[in-house]
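Read through the structure below, which is laid out as structure tokens, and then see the notes.
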Amino acid sequence: MNSDNAVNYPSHRFSVAPMLDWTDRHCRYFHRLLSGQTLLYTEMITTGAILFGKGNYLAYSQEEQPVALQLGGSDPQALAECAKRAEDLGYSEVNLNAGCPSDRVQNGRFGACLMAEPELVADCVKAMKSAVSIPVTVKTRIGIDDSDSYAFLQRFIQLVSEQGGCDNFTLHARKAWLSGLSPKENREIPPLDYSRVYQVKQDFPHLTVAINGGIKTLDEAKQHLQHVDGVMMGREAYQNPGILADVDRELFGLQSPAPDVAAVIEAMYPYIERELSQGTYLGHITRHMLGIFQGIPGARQFRRHLSENAHKAGADVEVLRQALAFVTGKNG
Ligand SMILES: Cc1cc2nc3c(=O)[nH]c(=O)nc-3n(C[C@H](O)[C@H](O)[C@H](O)COP(=O)(O)O)c2cc1C
């Protein structure tokens, strides 16, 4: 493995993928309690939202660190400005999305369609890198539409690394169809080809290369780590977050015991109380916890209790306490 990778902060050995509407700050706070080592990504945030939007899109809690901000955009100056804001706010990394295939994203000329414009991606990375000293990374696919040869991918990586100075790529190991498939279908229909990603690491051994797509267990992650520097997990980590409780021991070699998942839920109470006092709805936080007890007796009642009650007006931490009692058997 690349020697930089051992000392780079943050480590890319294991990360939870950027996922729109899923990996918001509440989700990341929760995931962090399950794993101290995993690198967490924000949802994709567009440069337009950051520069011209009304919301505070870059808000996060320090406890979530290390957190990487994923940006959507294709204007080098706008990306550089957003990267600077991210660095000033303490984000650990800025990642450029060159892999999302939604129509909305294509209209803005960013996301996966950027794979067709490696020179532009290189310009974007270069501009961001000259604005910040935190790592600037790129997440992309292994191809788009009929541009799905290894040579196409190789040229993309070569240009973006040599001209743009990007030394860290995450590759979703399937191509994207830019028209005809929904984003969801684009995560399921194009076949996975992990060997393409391994090939990139072989051909560019000086780059940090992380693999993404369809990885569901930590054993699979370990297999991939024989070939690449990092593994990014998306849907499985979100739907079955309990898997994160084993990451620090299994993938980072930490000796400390895995956190007790019920204790992690309890550790969310002070955060929830703080957030509720600032106007957040309970359901916006607990929606990320629904899958936590997968396979454990009481999981279904936990889930149902939260689904039925967390969105009600005035719902507070007591609702979560009651839900937890279905699993722990402890009342009160
Ligand atoms: C709900 C959802 C939202 C997503 N949003 C983003 C996003 O904002 N940026 C991005 O690069 N990828 C996004 N993705 C793709 C994931 O980051 C990841 O590449 C993909 O799900 C494949 O990994 P997996 O099989 O481990 O889920 C999203 C995926 C899902 C399921």
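Here the structure is a predicted model, which is why all the values come from computation and not from measurement. Both ligands and their constituent atoms are indexed starting at 1 by order of listing.
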How does [X] reach ligand 1, by side chain, by backbone, by both or by neither, if only non-hydrogen atoms under 4.0 Å count?
| X | value |
| --- | --- |
| Cys100 | neither |
| Leu20 | both |
| Gln70 | side chain |

Looking at ligand 1, does any of its N/O atoms fall within less than 3.5 Å of an N/O of [X]?
| X | result |
| --- | --- |
| Ile215 | no |
| Arg235 | yes |
| Gly234 | yes |

Closer than 4.0 Å to some heavy atom of [X] - which atoms of ligand 1 meet that?
| X | result |
| --- | --- |
| Trp22 | 1 (C), 31 (C) |
| Gly214 | 24 (P), 25 (O), 26 (O) |
| Lys139 | 10 (C), 11 (O), 12 (N), 15 (C), 16 (C), 17 (O), 18 (C), 19 (O) |

Stepwise, does the salt bridge (charged side-chain N to carboxylate O under 4.0 Å, His left out) test hold for Lys216 with Glu220? CA-CA 7 Å; Lys216 287 190 156 44; Glu220 287 169 37; over 6 Å; no
Using a strict cut-off of less than 4.0 Å between a Lys/Arg side-chain nitrogen and an Asp/Glu carboxylate oxygen, indicate whether [X] and [Y] qualify as a salt bridge.
| X | Y | value |
| --- | --- | --- |
| Asp229 | Lys201 | yes |
| Glu318 | Arg321 | yes |
| Glu43 | Arg25 | no |

Atom 21 (O) of ligand 1: of His172, Glu43, Lys184, Arg187, the nearest heavy atom sits on Arg187
The option among Ala173, Pro18, Ala98, Ala17 carrying the non-hydrogen atom nearest to atom 14 (N) of ligand 1 is Pro18
Set out, in order, the CA-CA distance, both residues' side-chain angles and the distance that settles ring pair (Phe, Tyr, Trp, His ring centres under 6.0 Å) for Phe30 and Tyr271, then state yes or no. CA-CA 9 Å; Phe30 173 53; Tyr271 175 78; over 10 Å; no
Item to check | Closest approach of any protein heavy atom to atom 19 (O) of ligand 1, naming residue and atom | outcome: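 Here the nearest protein heavy atom works out to Asn212 OD1, 2.6 Å.
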Measure centre to centre between the rings of His311 and Tyr281, then say whether the value is under 6.0 Å.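 No: the rings miss the under 6.0 Å criterion.
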Can we call the ring centroids of Phe302 and Phe326 under 6.0 Å apart?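 No, they do not, as the ring centres are separated by 6.0 Å or more.
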Applying a strict under-4.5 Å side-chain criterion to I, L, V, M, F, W and Y, I'd like to know whether Leu251 and Leu39 cluster together.
no
Show, in sequence, the C-alpha distance, side-chain angles and deciding distance for Thr42 and Tyr57, and conclude whether the side-chain contact (heavy atoms from CB on, under 4.5 Å) test is met. CA-CA 10 Å; Thr42 67; Tyr57 297 100; over 6 Å; no
Yes or no: does Asp21 have any heavy atom under 4.0 Å from an atom of ligand 1? no
- Query: Would Gly99 count as a contact of ligand 1 if the rule is a heavy atom under 4.0 Å away?
  - Reply: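 For ligand 1, residue contact (heavy atoms, under 4.0 Å) with Gly99 is absent.
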